[in-house]
Visitor: 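What follows is a single structure, and I will ask about it in a moment.
Counting starts at 1 for both ligands and their atoms, following the listed order.
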Amino acid sequence: MKIYIAKDFFQLSKKAAEIIQDAISEKPDLVLGLATGSTPLGTYKELIRMHKEEKLDFSRVISFNLDEYYPISPENKQSYFYYMKHNFFRHININPENIHVPDGQAEDAESHCKVYEAEIRRHKGIDLQLLGIGENGHIGFNEPDDEIEVLTHLTKLSESTLRANSRFFDSKEKVPCQAITMGLGSIMKAKKILLLASGIKKAEIIAKLLTEQKATTNIPASALLLHNDVTVLLDEEAAGIYKMKIKNQFSEG
Ligand code: GLP
């Protein structure tokens, strides 16, 4: 696991966008896994700048989003489809046919999940997966639990996620209580993973993840410790407790 600590959110976003830019330059038909939430917003902004000013070409890129609320319509401003369209897709030259976001209106969610997983396979898997992390250690919407769901599935959101995500909705009651998410297995099959964490709210979970070095279903992101190509990009705030802990480890040893 490579750990990179950036000075601030802007530098973190710049570094993440550069990694994605390099991957697209190396493989113009990159299969790119995408995330939502506040953390990747700066990365999308920088990628849009690269597209406009440096001609970064997305025409052959194939994208798969991690998750979507369920049920939700794509016109709902809180849907991840709406988020992706307005914060990224409509500003770049990605081919709409190459965009994949789980369908928050699928009549039969279970079979939709199977089709989504098969589509990823048809494209020979994800080359580079961008990830954020929930305050409770979730990735995508893989919530802490006793068991791990391996493939794309319909899931119930945890109380802590409903609370955290209610900031985007009028109230906690308006947050859909289910979501379609890639499973930990779908994520772990990505060839390369880029995990972003920014801000003080993520400091505790990041320190736990990086110092304890234990894989547990109570921290879904800890599965990433088993992957052989993960880059963790933090800003100073998210890295705060981790940096303190490793410093103490050295002074104790
Ligand atoms: C949401 C998404 C996750 C995201 C997480 C963190 O629940 N399903 O994919 O990583 O929240 O969001 P933020 O970046 O806003 O902290």
Visitor: So that I can tick it off, tell me whether K55 and D57 are bridged by a salt bridge, with the cut-off set at under 4.0 angstrom between side-chain N and carboxylate O.
Guide: no
Visitor: Counting only heavy atoms closer than 4.0 Å, does ligand 1 sit against the backbone of K201, its side chain, both, or neither?
Guide: neither
Visitor: Using a 4.0 Å heavy-atom cut-off, which part of R167 comes near ligand 1: side chain, backbone, both, or neither?
Guide: side chain
Visitor: Return the closest protein heavy atom for atom 12 (O) of ligand 1 as residue, atom name and distance.
Guide: G37 CA, 3.9 Å
Visitor: So that I can tick it off, tell me whether R49 and E46 are bridged by a salt bridge, with the cut-off set at under 4.0 angstrom between side-chain N and carboxylate O.
Guide: yes
Visitor: Test of understanding: given a 4.0 Å heavy-atom threshold, classify the contact between T39 and ligand 1 as side chain, backbone, both, or neither.
Guide: both
Visitor: Can you confirm whether E110 is buried at CD, in the sense that more than 12 heavy atoms of other residues, nucleotides or ligands lie under 6.0 Å from that atom?
Guide: no
Visitor: Got L32 and F64 here, is their nearest side-chain heavy-atom distance under 4.5 Å?
Guide: no
Visitor: Indicate, with yes or no, if the rings of H138 and F141 have centres closer together than 6.0 Å.
Guide: yes
Visitor: With a 4.0 Å cut-off, would you call K202 and E237 a salt bridge?
Guide: no
Visitor: Touching ligand 1 at all, G140? Heavy atoms, strictly under 4.0 Å?
Guide: yes
Visitor: Would one find an N or O of S38, backbone or side chain, under 3.5 Å from an N or O of ligand 1?
Guide: yes
Visitor: Heavy-atom distances under 4.0 Å decide this one: backbone, side chain, both or neither, for I133 against ligand 1?
Guide: backbone
Visitor: Taking N or O atoms only and a 3.5 Å limit, does N165 qualify as a polar contact for ligand 1?
Guide: yes
Visitor: Looking at K114 and E117, does any basic side-chain N land under 4.0 Å from a carboxylate oxygen?
Guide: no
Visitor: Can you tell which part of Y80 has a heavy atom less than 4.0 Å from ligand 1: side chain, backbone, both or neither?
Guide: side chain
Visitor: Should the pair K27-D127 be classified as a salt bridge under the 4.0 Å nitrogen-to-oxygen rule?
Guide: yes
Visitor: Starting from atom 11 (O) of ligand 1, find the nearest protein heavy-atom neighbour and note its residue, name and distance.
Guide: H138 NE2, 3.6 Å
Visitor: Below a 4.0 angstrom heavy-atom separation, can you tell me which part of K202, side chain or backbone, both or neither, approaches ligand 1?
Guide: side chain
